[in-house]
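Bear in mind that the values here come from a model prediction, so they are computed numbers and not experimental data.
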Amino acid sequence: MQEDKITRKVYDRKLFNRLLRFGMPYWQLMVTALVLLIIGMGLEILGPFLTKIAIDRYVLPGDYSGLLHIVVIYLAVLLGNFLFKYAQIMSTQYLGQRIMLDIRQQVFRHLQGLHQQFFDRNPIGRLMTRVTSDVEALNQVFTQGIITIFGDILLIGGIVVIMLSINWRLALWTLSVVPLLLLISFLFRKKVRQLFSQIRVYLARMNAYLQEHITGMSIVQLFNRQERDFEKFREINHQYTQAYIKTIFYYAIFFPAVELVSAIALALILFKGSVYIQTQLVTLGTLIAFIQYAQMFFRPISDLSEK
């Protein structure tokens with residue numbers, strides 16, 4: 001069972017390239033999903049900027065006829081964002097399922113070619129875990145990993161650029177909490193990765209134990225080992241559950257911590273923004289846009305840490 005443990009570094013280039021080769025037959029679908037994601041991110045970033053224009057140019061001066069045009073444009077942006085996100089999610093999920101089909105078939109074909117001694121050394125339940133749940137876990141690499149990680153990086157970069165272009169002073173205050181957020185993300189990633197390694201070990205062990213004892217139930221009953229074998233299963237099941245509970249603990253700390261850092265950033269924006277408004281360095285529309293951008297900014301960072 002020691003082979004189940006994760007011993008590689010967080011990012012293994014060789015292993016990543018092996019996985020990426022499964023996506024090469026579907027490169028057109030990958031490119032399509034990436035283009036849809038970029039367009040959707042662009043429309044999402046455009047929303048707060050339209051809010052700024054609406055407030056500064058039309059709401060405060062009282063030009064409600066011009067405000068109507070901005071409202072129509074904003075609704076069109078929301079609709080376009082919805083359509084592009086829908087198409088992007090459908091394409092990435094389809095891509096992931098096709099790749100999982102290919103990986104499962106290749107793993108099973110590989111198992112068929114192995115020597116009989118291999119099956120004497122490895123429990124069947126453990127091998128079933130490799131073909132089913134472990135392969136399904138890889139689905140996230142393609143549906144929520146490669147493409148969406150690139151999209152999150154683009155979204156963060158786009159938000160930073162547009163905030164700096166609107167008002168660099170307020171942008172620097174907003175970004176001042178990023179080092180704290182990066183520290184929280186680093187600690188979360190380190191702890192949870194170790195726990196997910198334990199979860200894979202215990203899941204494989206549980207499936208192997210179930211397969212052996214269900215197929216050999218006649219022998220278990222013949223030697224009256226029901227209670228002893230049940231106690232052993234309860235121990236494995238308890239270890240598996242405890243590992244999952246620990247991951248829930250770290251998730252329960254991580255996401256509120258991100259929300260706290262986000263709240264600190266919003267407080268800084270409100271405090272410095274009110275000062276800048278009095279000195280006419282910032283308009284009301286700019287302040288409201290920065291609040292919206294700050295809320296958008298921290299979500300992809302937490303998503304990157306989780307992925």
Which value, rounded to the nearest 0.5 Å, describes the distance between [X] atom [atom1] and [Y] atom [atom2]?
{"X": "Met206", "Y": "Gln211", "atom1": "CE", "atom2": "CD", "answer": "15.0 Å"}
{"X": "Lys52", "Y": "Leu284", "atom1": "NZ", "atom2": "CG", "answer": "11.0 Å"}
{"X": "Asn207", "Y": "Leu203", "atom1": "CG", "atom2": "CG", "answer": "4.5 Å"}
{"X": "Leu195", "Y": "Lys190", "atom1": "CG", "atom2": "NZ", "answer": "12.5 Å"}
{"X": "Ile253", "Y": "Leu187", "atom1": "CD1", "atom2": "CG", "answer": "10.5 Å"}
{"X": "Leu170", "Y": "Leu164", "atom1": "CG", "atom2": "CG", "answer": "10.5 Å"}

*More than 12 heavy atoms of other residues, nucleotides or ligands under 6.0 Å from CZ of Arg57: is that the case?*
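Result for CZ/Arg57: open.
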*For Tyr94, look at atom OH and say whether over 12 heavy atoms of other residues, nucleotides or ligands are found less than 6.0 Å away.*
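Incorrect, the count does not exceed 12.
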Under the salt bridge (charged side-chain N to carboxylate O under 4.0 Å, His left out) definition, can you give me all pairs with a residue in [range], not counting sequence neighbours?
{"range": "residues 146-162", "result": "Asp152-Lys307"}
{"range": "residues 76-103", "result": "Glu44-Lys85"}
{"range": "residues 170-182", "result": "none"}
{"range": "residues 270-286", "result": "none"}

For the residue pair [X] and [Y], what are the closest heavy atoms and their distance?
{"X": "Leu266", "Y": "Ala294", "result": "CD2-CB, 3.8 Å"}
{"X": "Ala289", "Y": "Pro48", "result": "CB-O, 3.5 Å"}
{"X": "Asp56", "Y": "Gly285", "result": "OD1-N, 2.9 Å"}
{"X": "Thr174", "Y": "Ala265", "result": "O-CB, 4.2 Å"}
{"X": "Gly40", "Y": "Asn81", "result": "O-OD1, 3.2 Å"}
{"X": "Pro61", "Y": "Ile55", "result": "CD-O, 4.1 Å"}

*Kindly give the cluster partners of Phe82, where membership spreads through any ILVMFWY side chain lying under 4.5 Å from a current member.*
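Leu79, Leu83, all in the cluster of Phe82.
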Would you check if the side chain of [X] reaches a backbone N or O of [Y] as a donor-acceptor pair within less than 3.5 Å?
{"X": "Asn167", "Y": "Leu281", "value": "yes"}
{"X": "Ser262", "Y": "Val258", "value": "no"}
{"X": "Thr286", "Y": "Val282", "value": "no"}

Cluster question for you: counting only ILVMFWY and a side-chain heavy-atom cut-off of under 4.5 Å, with indirect links fine, are [X] and [Y] together?
{"X": "Ile45", "Y": "Ile291", "result": "yes"}
{"X": "Leu37", "Y": "Ile162", "result": "yes"}
{"X": "Tyr202", "Y": "Met128", "result": "yes"}
{"X": "Leu175", "Y": "Leu183", "result": "no"}
{"X": "Met100", "Y": "Met24", "result": "yes"}

Side-chain donor-acceptor distances from residues 217-228 under 3.5 Å, at least two apart:
unit_1: Arg225; atom_1: NE; unit_2: Asp229; atom_2: OD1; d: 3.4
unit_1: Arg225; atom_1: NH2; unit_2: Asp229; atom_2: OD1; d: 3.1

[X]: partners by side-chain contact (heavy atoms from CB on, under 4.5 Å), with sequence neighbours left out:
{"X": "Val275", "answer": "none"}
{"X": "Met30", "answer": "Leu20, Leu95"}
{"X": "Leu50", "answer": "Leu46, Ile73, Tyr74, Val77"}

_Please determine whether side chain to side chain contact (heavy atoms under 4.5 Å, CB included) holds for the pair Thr92 and Leu29, giving the CA-CA distance in whole Å, both sets of side-chain angles, and the decisive distance to 0.1 Å._
CA-CA 8 Å; Thr92 52; Leu29 189 59; over 6 Å; no
*Any side-chain heavy-atom pair from Tyr58 and Ile53 closer than 4.5 angstrom?*
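Yes - at least one pair of side-chain heavy atoms lies under 4.5 Å apart.
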Quiz: residues 233-251 side-chain donor-acceptor pairs under 3.5 angstrom, not counting sequence neighbours:
unit_1: Arg234; atom_1: NH2; unit_2: Glu231; atom_2: OE1; d: 2.6
unit_1: Arg234; atom_1: NH2; unit_2: Glu231; atom_2: OE2; d: 2.6
unit_1: Thr241; atom_1: OG1; unit_2: Asn237; atom_2: O; d: 2.9
unit_1: Thr247; atom_1: OG1; unit_2: Tyr244; atom_2: O; d: 2.5

*Could you note down all residue pairs passing ring-ring contact (aromatic ring centres under 6.0 Å, His included) where residues 259-307 supplies at least one of them, sequence neighbours left out?*
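Qualifying pairs: none.
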*Which pairs count as ring-ring contact (aromatic ring centres under 6.0 Å, His included) when at least one residue sits in residues 98-125, sequence neighbours excluded?*
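Listed by first then second residue: nothing to list.
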*Could you please spell out the steps behind the side chain to side chain contact (heavy atoms under 4.5 Å, CB included) verdict for Ser274 and Ile277?*
CA-CA 5 Å; Ser274 61; Ile277 286 177; 5.6 Å; no
*For the pair Met163 and Ile159, evaluate side chain to side chain contact (heavy atoms under 4.5 Å, CB included) and give the outcome as yes or no after the intermediate values.*
CA-CA 6 Å; Met163 284 195 302; Ile159 293 172; 3.8 Å; yes
